Amino acid sequence: VMDFSAVRKTSSLTELQTTIQPELLRGVALDVCLSRCGQHFARPDPGMFKVDHRLYELSRQTKRFHSFLSHDWSTCRWMKLMSLLVLYNSK
């Protein structure tokens with residue numbers, strides 16, 4: 001049985017109320033995500049733990065998010081880029 005006591009409804013959104021250290025809450029601006037033709041969404045070198053630490057530096061500490069983007073590494077970066085361009089240019 002799942003406990004939904006930490007979830008509260010606010011307007012049309014559902015928020016999960018949790019505590020996180022402020023320095024761990026980081027985000028990347030949409031223009032940064034889409035920069036370099038979506039290169040940031042390209043598959044990394046083989047091995048999940050071969051992290052390019054320069055990518056971490058693209059993020060900034062934030063207090064809230066406007067949108068949350070999630071993706072998988074199996075979809076090509078061009079499909080991700082085109083989908084985001086259509087989505088965010090249609091608003």
Side-chain angles (χ1 to χ4, degrees):
V1 176
M2 295 185 74
D3 178 15
F4 291 100
S5 62
V7 177
R8 73 178 162 104
K9 186 93 167 161
T10 58
S11 65
S12 64
L13 301 175
T14 302
E15 295 179 356
L16 177 62
Q17 300 298 308
T18 188
T19 303
I20 186 169
Q21 297 172 0
E23 61 272 9
L24 297 178
L25 192 59
R26 299 181 67 85
V28 178
L30 184 62
D31 63 315
V32 173
C33 287
L34 300 178
S35 67
R36 301 177 66 188
C37 294
Q39 184 176 11
H40 311 301
F41 293 115
R43 290 185 186 111
D45 290 331
M48 184 176 180
F49 298 105
K50 293 183 180 178
V51 177
D52 183 348
H53 294 284
R54 292 174 296 177
L55 294 178
Y56 178 82
E57 294 173 6
L58 297 175
S59 68
R60 300 287 178 253
Q61 191 171 339
T62 186
K63 292 184 180 186
R64 58 181 221 177
F65 299 101
H66 180 288
S67 298
F68 179 82
L69 304 178
S70 180
H71 74 100
D72 63 76
W73 293 114
S74 64
T75 305
C76 77
R77 84 180 205 202
W78 297 110
M79 292 296 292
K80 296 172 198 174
L81 176 64
M82 291 298 121
S83 298
L84 291 170
L85 288 173
V86 168
L87 177 67
Y88 284 99
N89 282 302
S90 65
K91 290 185 173 186

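Worth saying up front: this structure is predicted, and the values here are computed from it rather than measured.
- Both Leu85 and Leu30 are assigned to one and the same hydrophobic cluster, defined by single-linkage of ILVMFWY side chains at heavy-atom distances under 4.5 Å.
- Ile20 meets the side-chain contact (heavy atoms from CB on, under 4.5 Å) test with Leu24; sequence neighbours excluded.
- Once rounded to the nearest 0.5 Å, the distance linking CD of Gln39 with SG of Cys33 reads 13.0 Å.
- The salt bridge (charged side-chain N to carboxylate O under 4.0 Å, His left out) check on Arg54 picks up Asp52, with sequence neighbours excluded.
- One hydrophobic cluster holds both Tyr88 and Leu34 under the rule that ILVMFWY side chains link at heavy-atom gaps under 4.5 Å.
- The CG atom of Leu81 lies 13.0 Å from the OG1 atom of Thr75; values are rounded to the nearest 0.5 Å.
- For residues 22-35, the side chain to side chain donor-acceptor pair (under 3.5 Å) pairs, not counting sequence neighbours, are Arg26-Tyr56, Arg26-Ser59, Ser35-His40.
- Separation of atoms CE (Met79) and OG (Ser74) is listed at 11.5 Å; rounding is to 0.5 Å.
- Using a distance-only test at 3.5 Å, with no hydrogens or angles considered, a donor-acceptor pair links the side chain of Lys80 to the main chain of Phe41.
- The OG atom of Ser67 sits 10.0 Å away from atom CG of Leu84, with the distance rounded to the nearest 0.5 Å.
- In this structure the side chain of Val28 never reaches within 4.5 angstrom of the side chain of Leu55, judged on heavy atoms.
- Under a hydrophobic clustering in which Ile, Leu, Val, Met, Phe, Trp and Tyr are joined whenever their side-chain heavy atoms come within less than 4.5 Å, directly or via other members, Leu69 and Trp78 fall into the same cluster.
- Judged by distance alone, with hydrogens and angles left aside, the side-chain atoms of Arg60 form a donor-acceptor pair with the main-chain N or O of Glu57 at under 3.5 Å.
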